[in-house]
Amino acid sequence: MSSSVKGMRDLWGDELRWFRRIEETAHRVFGAHGYREIRTPILEYTEVFKRSVGDSSDIVAKEMYEFLDKGDRSVTMRPENTAGVVRAMVDHKLLVNNDPQLLYYMGPMFRYERMQAGRYRQFWQIGAESFGVASPESEVESLAMLFDFLQGLGLKSLSLSLNSVGTPESRPAFNAAFRAFFDARADRFCEDCHRRIETNPMRILDCKNPGCQAALEGHPTIVEFLDDASKAHHTRLKELLTTLDIPFTENSRLVRGLDYYTRTAFEVLSSDLGAQSALLGGGRYDGLVKQLGGPDTPAFGWAIGLDRLAMVLKQLHGEAPFEPAPLLIPLGEAASAKALQLAREWWSAGLRVQLETRGCPLKKSLQSANRMGMKLALILGDGEFEKGTLAVKHLETGAQEEWAWNDVPSRLKG
RNA sequence: GCGGCUGUAGCUCAGUUGGUUAGAGUGCUGGAUUGUGAUUCCAGAUGUCGUGGGUUCAAGUCCCAUCAGCCGCCCCA
């Protein structure tokens, strides 16, 4: 008995069909916005993630598939893709001029985590990144694309949660004020929060502990400590979202787990997800490109998990639409040679036909066709062979009719 | 990394206070005159009872460990 590695799974059948539906929608919608696909390696030098995601984050601290390769280089299987994309941008000097670079990616990511519904150690993400533009307009463009994408998949009851996490310059003032707030009621916060106040105070805002959430009542918000430019940015962003009828709620407690975010941060939540309520997240990360050795370049992006998204789509719409190709069943040697010829013509004409090649009794073929969910069986026996026709059986109704070979293309399309 | 629950045919599950060769439904295989499925009828096959120890005359059942899955926490997508 063998089984897949813990946290790794096979994708097939209905779930894979949802994945493909998602991916095709992404290619279409993102392409329409002028975004171009990029594929970066799964393996990067560990430094790439340590310098971008942040040493203090749990991802880097304990969730990375990190190891020495045979040349004793420390490499890591990507836990997310933004760092890799930025690294590629820097490597290829694509950010030296001031043109915007609009990119999207899709592929597997890896985090060594405890498993749960919709959460795997190899999981799939689709993300979009926009480099070189600092404006709120670019954020709204990206968010509009995101919503077109989600709506294209038939999702409706989602909520956009919005905040600004400030800039490295504005954050100390907030931290000082928040520290004072925290100290005044320190006994009401949990152990984890006491640790966070030293390492990453902002993270206290999204502590899931009900006691902590209650204690946060009336907390100083990041937004009120923003510098004027960030404040104007935030205001303008909200105006533009309103103009586009993209509904959002401001959430002063929304922060992000990755260290590289600046100013705008957001999440989209789905009520169909249980504990894994965040369907996707993203925001602005103006400092990251420079941090990875590139020119000082503003950037905005987001990523969505396909495993969870496919789960939601399945809950919402059931099985992914799928119709198997009709089965062409030849009976006898002459017929099976002819069937190969006919099928070849139809395939090159773009028709979908599956060929029965077992040479088994008709009964077996029909049983298989039925089990595979086929709607049509195209039977080519001696009688049909003589006449240049097919016996066409509709497997749902049992009705049967006869088609001339030449009519098959037009009839299958209709 | 922490806490809780679960593990018996391909699938969904029964299995009494430990007691003979471990069951059902569904699915599967074959048949009901050799070119007609799905419906019906008849017949048949299938399990290291997650794995490894232990207790016992006797373990699917009790105990321990381990692995896997699920739920919650943490974290995040």
| field | Test side-chain contact (heavy atoms from CB on, under 4.5 Å) applied to Thr76(A) and Glu44(A), step by step | value | CA-CA 6 Å; Thr76(A) 293; Glu44(A) 297 276 0; 6.0 Å; no
Considering only atom [atom1], compute the distance from [N] to [M] and round it to an integer number of Å.
N      : M      : atom1 : result
U61(B) : G27(B) : C1'   : 28 Å
G53(B) : A14(B) : C1'   : 28 Å
C13(B) : C70(B) : P     : 14 Å
G4(B)  : U20(B) : C1'   : 38 Å
U6(B)  : A65(B) : P     : 15 Å
U40(B) : G25(B) : P     : 13 Å
C57(B) : G10(B) : P     : 35 Å
C28(B) : A38(B) : P     : 9 Å

Residues in contact with RNA chain B, drawn from [range] - heavy-atom cutoff 4.0 Å:
range                       : answer
residues 353-381 of chain A : Leu362(A), Lys363(A), Lys364(A), Leu366(A), Gln367(A), Asn370(A), Arg371(A), Ile379(A), Gly381(A)
residues 326-343 of chain A : Leu331(A)
residues 107-114 of chain A : Arg111(A), Glu113(A), Arg114(A)

| Ignoring hydrogens and geometry, is there a side-chain-to-backbone donor-acceptor pair from Gln101(A) to Leu94(A) under 3.5 Å? |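 Such a contact is found between Gln101(A) side chain and Leu94(A) backbone.
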| Is the side chain of Asp307(A) donor-acceptor paired with the backbone N or O of Trp124(A) at a distance under 3.5 Å, no angle test? | yes
| Under 4.0 Å: is that the gap between some side-chain N or O of Lys6(A) and OP1 or OP2 of G69(B)? | yes
Heavy-atom check, side chain of [X] versus side chain of [Y], under 4.5 Å:
X         : Y         : value
Glu129(A) : Tyr104(A) : no
Glu333(A) : Lys338(A) : no
Arg21(A)  : Thr25(A)  : yes

| request: Would you check, one step at a time, whether the test side-chain hydrogen bond (donor to acceptor under 3.5 Å, both in side chains) holds for Glu267(A) with Ser161(A)? | output: CA-CA 5 Å; Glu267(A) 281 178 2; Ser161(A) 197; 5.7 Å; no
| Residues two or more places apart in sequence or in another chain: which of them pass side-chain hydrogen bond (donor to acceptor under 3.5 Å, both in side chains) with Asp91(A)? |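 Residues passing side-chain hydrogen bond (donor to acceptor under 3.5 Å, both in side chains) with Asp91(A): Arg87(A).
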| request: Any chance you could lay out the salt bridge (Lys or Arg N to Asp or Glu O under 4.0 Å) test for Lys364(A) and Glu356(A), step after step, and finish with the verdict? | output: CA-CA 10 Å; Lys364(A) 271 201 144 338; Glu356(A) 172 62 86; over 6 Å; no
| task | Please evaluate the base of G37(B) for a donor-acceptor partner in the side chain of Glu396(A) within a cut-off of under 3.5 Å? | result | no
| side-chain hydrogen bond (donor to acceptor under 3.5 Å, both in side chains) between Arg263(A) and Ser230(A), intermediate numbers included | CA-CA 7 Å; Arg263(A) 288 189 172 168; Ser230(A) 295; 2.9 Å; yes
| Can you list every pair that meets ring-ring contact (aromatic ring centres under 6.0 Å, His included) and has a residue in residues 134-156 of chain A, with sequence neighbours left out? |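 ring-ring contact (aromatic ring centres under 6.0 Å, His included) check on residues 134-156 of chain A returns Phe30(A)-Phe149(A).
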| query | Closest nucleotide of RNA chain B for Asp206(A) versus for Gly7(A): which of these residues is on the 5' side? | reply | Gly7(A)
| request: On RNA chain B, check which nucleotide each of Gly305(A) and Val5(A) is closest to and give me the residue with the more 5' one. | output: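 Mapping each residue to its closest nucleotide by heavy atoms, the 5'-most match is Val5(A).
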| field | side-chain hydrogen bond (donor to acceptor under 3.5 Å, both in side chains) evaluation trace for Asn163(A) with Ser252(A) | value | CA-CA 6 Å; Asn163(A) 196 15; Ser252(A) 64; over 6 Å; no
[options]: which one has an atom nearest the side-chain heavy atoms of [X]?
X         : options                : answer
Met115(A) : G35(B), C74(B), C70(B) : C70(B)
Gln400(A) : G35(B), U36(B), A77(B) : U36(B)
Lys393(A) : U36(B), G69(B), G35(B) : U36(B)

| task | Anything under 30° is parallel, anything over 60° is perpendicular, the rest tilted; go ahead and classify Phe178(A) against Phe174(A). | result |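 Phe178(A) vs Phe174(A) ring planes: parallel.
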| query | Reading RNA chain B 5' to 3', what string of ( ), [ ], | and . shows its pairs, if Watson-Crick and G-U wobble pairs count only when both distances fall under 3.5 Å? | reply | (((((((..((((.....[...)))).(((((.......))))).....(((((..]....))))))))))))....
| Are Arg121(A) and Phe123(A) in a cation-pi contact, defined as NZ or CZ under 6.0 Å from the six-membered ring centre and within 45° of the axis? | no
| field | Cationic tip of Arg9(A) above Tyr120(A) ring, under 6.0 Å, 45° of axis | value |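 Satisfied, under 6.0 Å and within 45°.
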| Separation of atom NE2 in His394(A) from atom C1' in U36(B), rounded to whole Å |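 After rounding, the reported distance stands at 14 Å.
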| CG of Leu390(A) versus P of G35(B): gap in Å, rounded? | 19 Å
With a 4.0 Å cut-off on heavy atoms, is [X] in touch with a base, just the backbone sugar-phosphate, or nothing at all?
X         : value
Gly398(A) : base
Asp382(A) : base
Glu80(A)  : nothing

